[in-house]
Enquirer: 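The following block contains the structure, expressed as structure tokens.
Given the structure is predicted, the values throughout are model-derived calculations rather than measurements.
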Amino acid sequence: MTAGKYAALFEPVRIGPVTAPNRFYQVPHCTGMGYLRPRADAAVRGMKAEGGWGVVCNQETEIHPTSDLSPSPEGRLWDAADIPALRLMTDAIHKHGALAGVELAHNGAHAANLLTRAPVLSPSGGAINAMHPKQARAMDKADIRDLRRWHRDAARRAREAGFDIIYVYAGHEMTLTQHFLLPQNNQRSDEYGGTLTNRVRLIRELLEETREEVGDTCAVAFRFAVDQMQGEAGMQATGEGREVVQMLADLPDLWDVNVSGWENDSATTRFQPEDGYQNDYIRFVKEVTQRPVVGVGRLTSPDMMVSMIEKGIVDFIGSARPSIADPFLPAKVREGRIEEIRECIGCNICVASDNQSVPIRCTQNPTMGEEWRRGWHPEKIAAKGAAESALVIGAGPAGLECAMQLAKRGYDVTLAEAREELGGRVRREGSLAGLVAWRRVADNRLHDLRQRANVSIYAQSRLSAAEVGELGIANIFVATGATWRRDGAGRTSHGPIAVDGAMQVLTPDDIMDGTLPHTGPIAIYDDDPGYMGGVLASQLAEAGREVTLITPAPIVSPWTEMTLEQDRIQSALVTLGVRIMTGRALVRVTAEACITAGVYGEPEQAVPCASLLMVTSRQCETALYDQLAAMRASGDIALDTLELIGDAAQPGLIADAIYAGHAAARAFEGDPSATNAAYFRREMVALTDEGGQA
């Protein structure tokens, strides 16, 4: 099948000495695998190439022990010993006809060098960009000469590892090259500081020397953040950002442009809801250079992609998060299967994984990160076993994913949901301020299920245990979810908190069901580290209510630091006039106030309120499962399979629920020992002295 109106996306594009087979370009992004898990990393990149991405890049790749990002397992090219691991990746990419790119990086004061204990280097010295009491050393001329040599050596090793595109990287405010560019990091008075020409000098040298080293065998790319999104306080696309592009216009073979820092380049949909949100910053680049340009901006719509090409904004459609959500996005566009694309929802669970130094995860794509470890493919699943049918109870994220994968395997699937609206917590949370994109999780799966003749869907069908028995289906997956607790039990208080019956106590479920707090001040007690408390505080404040957010944590929604949005969340609440009380635990609730105490021994304090919204923890809804289990044990119902999945078994992220539903469907009628063995599959360190030299 031809690409039709999207044919422009499948035109080959030349990048210096190499040619990309199409315009789909997976820009460098971290996987939490890197040098620690090279087979897993290679499998991730190979899957992207199989899915049709014309260029597949790795991630920031340390060029020297003075750029040690431990404990984060990024890429490494310290010496020749690192080449074989990266060769696994380039072979996996080339197998499917794609080009392989490597993002060489020296992270300067962004790397604390906790493993190597090497000196931390920066243009002018000073504090490092890590939560560690250490400062960077100001580089002298010898250090700069060393850096240039290290980069050149790494470029040579990258070529030997099979990469087609080799990066010089000045972005995300994480690299030494960008630190030299920015006056706030560079206070030098020599030829590498002061004027923009001087601050660009190092980048020019690295670009020229990389080209000299790799000759006409590899393309040289420059990844550059054209705007810091700090207004006049930082580099702007309308000022020095544009000037840098003008100075270096045709020196690299390709411009990979974005904004910095990482929290801006990978902003969540909650704060950057529009796909293509970086276009206004990067559209000038093609006016300045004759080289091909790749840009990003959570691009999920093929129509927008074509528009960006036709308008001359970019030559390549850059992607990190959308390529994670759907590695087969290009193939689906080419084959006219647009409705099957799993669109990125911008939740940044992938980012959180990297920040936690674990393999990459994705809400939309539960196979992401499991390609090597569990052998999972995002588009393929084993055919059914001996059983003919299955019943899935609950059409939330776990139930939808389980039902969809069971149907793909060939089982006759019955999906029953108690509520009128299908989608469970995805639909409900998607009704909250800033989270509408999360509904894509349900939309994708419901579209798939509704196309399948072997699926029967019943909404408003709350089943009793007796009714389940009457259906006569022997394989049952219970995905009845979880509800927010009303009694205050959570991370700080593991048991109920004393509450006067005269106080209106609400939960997030009440708000999502449309229940309004009483007139008057609202107190939110947020003892959950995730996003919910901050979302509800924002929504109620935007509705004009007087809100006080109380949390035992030192900051609002602390886990959202992992998704790069905590500062935005707390800043937004401050702007909205929300009173924030951190480090305070709820002790008891009277008819008119919440009584709190400081978690470090500070005295009790009353917070007057008319309503209390508890955001603490969730309780699994297992009543139906428990009844079925009891009936099965007594012989009153004959079941071959009875499994509790998703939030009903263990409340967590939406990504966790999707994963649970997917895993249950894959394991159905399988060998339990094989499933258990997958937990133990890992990449072992070779007990040899690699003997490399830095």
Enquirer: Please confirm whether the backbone N or O of Asp567 pairs with a side-chain atom of Ser571, one donor and one acceptor, at under 3.5 Å?
Expert: yes
Enquirer: Are any of the side-chain heavy atoms of Leu77 and Ile63 separated by less than 4.5 Å?
Expert: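 With C-beta onward as the side chain, the pair stays apart.
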Enquirer: Between the side chain of Trp559 and the main-chain N/O of Ala352, is any donor-acceptor distance below 3.5 Å?
Expert: no
Enquirer: Can you name the residues that form a side chain to side chain donor-acceptor pair (under 3.5 Å) with Asn365, not counting sequence neighbours?
Expert: Thr367
Enquirer: Would you say the side-chain atoms of Thr90 pair up with the backbone N or O of Arg87, donor to acceptor, closer than 3.5 Å?
Expert: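 Answer holds: yes.
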Enquirer: Count the heavy atoms belonging to other residues, nucleotides or ligands that lie under 6.0 Å from NZ of Lys95, then report whether that count exceeds 12.
Expert: no
Enquirer: Quick one, Ile282 with Val314, criterion side-chain contact (heavy atoms from CB on, under 4.5 Å). Give me CA distance, side-chain angles, the key distance, then yes/no.
Expert: CA-CA 9 Å; Ile282 67 171; Val314 294; 4.0 Å; yes
Enquirer: Return yes if some donor-acceptor pair links the side-chain N/O of Ser557 with the main-chain N/O of Thr560 below 3.5 Å, else return no.
Expert: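 Flag not set: sc Ser557 to bb Thr560 has no pair under 3.5 Å.
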Enquirer: Sub-3.5 Å donor-acceptor pair from the side chain of Asn22 to the main-chain atoms of Phe10, do we have one?
Expert: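 No, the answer is negative, given that no donor and acceptor are paired below the 3.5 Å cut-off.
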Enquirer: Once salt bridge (charged side-chain N to carboxylate O under 4.0 Å, His left out) is applied, do any residues pair with Asp315, and if so which ones, sequence neighbours excluded?
Expert: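 Residues passing salt bridge (charged side-chain N to carboxylate O under 4.0 Å, His left out) with Asp315: Lys286.
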Enquirer: Using modelled atom types and a 3.5 Å cut-off, is there a donor and acceptor pairing between side-chain atoms of Arg201 and backbone atoms of Leu196?
Expert: no
Enquirer: Going by the rule side chain to side chain donor-acceptor pair (under 3.5 Å), which residues pair with Thr177 if we only count those two or more places apart in sequence or in a different chain?
Expert: Thr175
Enquirer: State whether Asp82 and Arg76 are salt-bridged, where the test is any N-O pair (Lys NZ or Arg NE/NH1/NH2 against Asp/Glu carboxylate O) under 4.0 Å.
Expert: no
Enquirer: Do Gln228 and Glu173 have a side chain donor and acceptor closer than 3.5 Å?
Expert: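 Distance-only check passes for Gln228 and Glu173.
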Enquirer: So, do Pro123 and Leu176 sit near enough that their side-chain heavy atoms are less than 4.5 Å apart?
Expert: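 Yes; the side chains approach each other to less than 4.5 Å.
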Enquirer: Going by distance alone, is a donor N or O of one side chain under 3.5 Å from an acceptor N or O of the other, for Gln570 and Gln566?
Expert: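 Short answer, yes.
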Enquirer: Taking the basic N atoms (NZ, or NE/NH1/NH2) and the acidic carboxylate oxygens, is any pair closer than 4.0 Å for Glu287 and Arg242?
Expert: yes
Enquirer: Between Thr31 and Asp41, is any side-chain donor less than 3.5 angstrom from a side-chain acceptor?
Expert: yes
Enquirer: Can you name the side chain to side chain donor-acceptor pair (under 3.5 Å) partners of Thr19, sequence neighbours left out?
Expert: Arg14
Enquirer: With sequence neighbours left out, which residue pairs that include part of residues 114-133 fulfil the side chain to side chain donor-acceptor pair (under 3.5 Å) condition?
Expert: His110-Asn129
Enquirer: Considering residues at least two apart in sequence or located in another chain, which fulfil the salt bridge (charged side-chain N to carboxylate O under 4.0 Å, His left out) criterion with Glu208?
Expert: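 For Glu208, no residue satisfies salt bridge (charged side-chain N to carboxylate O under 4.0 Å, His left out) once neighbours in sequence are set aside.
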Enquirer: Between the main-chain N or O of Arg342 and the side-chain N or O of Asp326, is there a donor-acceptor pair closer than 3.5 Å?
Expert: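 A pair under 3.5 Å: yes.
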Enquirer: For a quick check under 3.5 Å, do Asn58 and Thr61 share a side-chain donor-acceptor pair by atom type?
Expert: yes
Enquirer: Are Tyr531 and Trp438 close enough that their ring centres sit under 6.0 Å apart?
Expert: yes
Enquirer: With a 4.5 Å limit on heavy-atom distance, are the side chains of Gln278 and Val257 in contact?
Expert: no
Enquirer: According to salt bridge (Lys or Arg N to Asp or Glu O under 4.0 Å), does anything in residues 255-268 pair up with another residue at least two apart or in another chain? List the pairs.
Expert: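 Passing the test, one end in residues 255-268: Arg223-Asp256.
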Enquirer: Treating Glu205 as the side-chain partner and Arg148 as the backbone partner, does any N or O pair qualify as donor plus acceptor under 3.5 Å?
Expert: no
Enquirer: Can you tell me how far apart CD (Gln187) and CG (Leu182) are? Round to the nearest 0.5 Å.
Expert: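 It is 10.5 Å, given to the nearest 0.5 Å.
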Enquirer: Check whether Arg291 reaches the backbone of Pro252 with its side chain - one donor and one acceptor, N or O, closer than 3.5 Å.
Expert: yes
Enquirer: Ring-plane angle category for Trp53 and Phe24, please: parallel below 30°, perpendicular beyond 60°, tilted otherwise.
Expert: perpendicular
Enquirer: Considering only heavy atoms from C-beta outward, does the side chain of Leu104 approach that of Val168 to under 4.5 Å?
Expert: no
Enquirer: Not counting sequence neighbours, which residues clear salt bridge (charged side-chain N to carboxylate O under 4.0 Å, His left out) with Asp216? List them please.
Expert: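 Salt bridge (charged side-chain N to carboxylate O under 4.0 Å, His left out) check on Asp216 returns nothing, list empty.
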Enquirer: Tyr25: what forms a ring pair (Phe, Tyr, Trp, His ring centres under 6.0 Å) with it, not counting sequence neighbours?
Expert: Phe316
Enquirer: Verify the distance criterion only: is there a donor paired with an acceptor across the side chains of Asp164 and His94 at less than 3.5 Å?
Expert: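 A pair is found: one side chain offers a donor N or O, the other an acceptor, under 3.5 Å apart.
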Enquirer: Do Arg152 and Glu212 meet the salt-bridge criterion of a basic N to acidic O distance under 4.0 Å?
Expert: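 Yes, charged N to carboxylate O under 4.0 Å.
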Enquirer: Is it the case that Asn107 and Glu60 place a side-chain donor and acceptor less than 3.5 Å from each other?
Expert: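 Glu60 and Asn107 do have a side-chain donor-acceptor pair below 3.5 Å.
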Enquirer: Identify, with sequence neighbours excluded, every residue that meets side chain to side chain donor-acceptor pair (under 3.5 Å) alongside Arg188.
Expert: Asp190
Enquirer: With a 3.5 Å distance limit and no angle check, can you tell me whether Glu11 reaches the backbone of Arg23 through a side-chain donor-acceptor pair?
Expert: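 No, the answer is negative, given that no donor and acceptor are paired below the 3.5 Å cut-off.
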Enquirer: Check residues 344-351 and write down every donor-acceptor pair under 3.5 Å in which the side-chain atom is one partner and the other belongs to a residue at least two apart or another chain.
Expert:
{"from": "Asn348", "atom 1": "OD1", "to": "Arg321", "atom 2": "NH1", "distance (Å)": "2.9"}
{"from": "Asn348", "atom 1": "ND2", "to": "Ser266", "atom 2": "O", "distance (Å)": "2.8"}
{"from": "Asn348", "atom 1": "ND2", "to": "Thr563", "atom 2": "O", "distance (Å)": "3.0"}

Enquirer: Testing Glu50, Gln26, Met368 one by one against Pro327 for a side chain to side chain contact (heavy atoms under 4.5 Å, CB included), which residue passes?
Expert: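 Of the listed residues Glu50, Gln26, Met368, the side chain to side chain contact (heavy atoms under 4.5 Å, CB included) partner of Pro327 is Met368.
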Enquirer: Nearest 0.5 Å, what's the CG-CD distance between Asp68 and Glu62?
Expert: 5.5 Å
Enquirer: Taking the side chain as every heavy atom from C-beta outward, state whether His29 and Ile360 have any pair of such atoms under 4.5 Å apart.
Expert: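 Touching, per the 4.5 Å side-chain cut-off.
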Enquirer: Taking the ring of Phe222 and the ring of Phe224, is the distance between their centroids below 6.0 Å?
Expert: yes
Enquirer: Report, as yes or no, whether the 6.0 Å neighbourhood of atom CZ on Arg39 holds more than 12 heavy atoms from other residues, nucleotides or ligands.
Expert: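 No, the 6.0 Å shell around CZ holds no more than 12 heavy atoms from other groups.
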Enquirer: Mind checking salt bridge (charged side-chain N to carboxylate O under 4.0 Å, His left out) for Arg145 and listing every partner two or more places apart, or none if nothing turns up?
Expert: none
Enquirer: Any idea which heavy atoms bring Pro302 and Tyr6 closest together, and the distance?
Expert: CB-CE2, 3.5 Å
Enquirer: Heavy-atom distance under 4.5 Å between the side chains of Pro71 and Ser357, does that happen here?
Expert: yes
Enquirer: Answer yes or no: is there a side-chain heavy-atom contact under 4.5 Å between Glu213 and Arg157?
Expert: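 No, every pair of side-chain atoms sits at 4.5 Å or beyond.
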Enquirer: Apply the test side-chain contact (heavy atoms from CB on, under 4.5 Å) to residues Leu248 and Trp255: give CA-CA distance (whole Å), side-chain angles for both, the deciding distance (0.1 Å), then the verdict.
Expert: CA-CA 10 Å; Leu248 303 174; Trp255 284 84; 3.9 Å; yes
Enquirer: Using 0.5 Å steps for rounding, measure from the OG atom of Ser353 to the CE atom of Met562.
Expert: 11.0 Å
Enquirer: Using 0.5 Å steps for rounding, measure from the CD atom of Glu561 to the CD1 atom of Ile569.
Expert: 10.0 Å
Enquirer: Hey, are the side chains of Glu243 and Val200 touching, using non-hydrogen atoms and a 4.5 Å cut-off?
Expert: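 The answer is no, as the side chains (C-beta and beyond) never meet within the 4.5 Å cut-off.
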Enquirer: Could you measure the distance from the OH atom of Tyr192 to the CE atom of Met139? Nearest 0.5 Å is fine.
Expert: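 Answer rounded to 0.5 Å: 9.0 Å.
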Enquirer: Distance check, rounded to the nearest 0.5 Å: Thr195 atom OG1 versus Glu191 atom CD?
Expert: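 Those atoms lie 10.5 Å apart.
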Enquirer: Regarding Arg199 and the six-membered ring of Phe180, is the cationic atom NZ or CZ under 6.0 Å from the ring centre and inside 45° of its axis?
Expert: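 Judged by the rule (NZ or CZ under 6.0 Å from the ring centre, within 45° of its axis), Arg199 is not positioned above Phe180.
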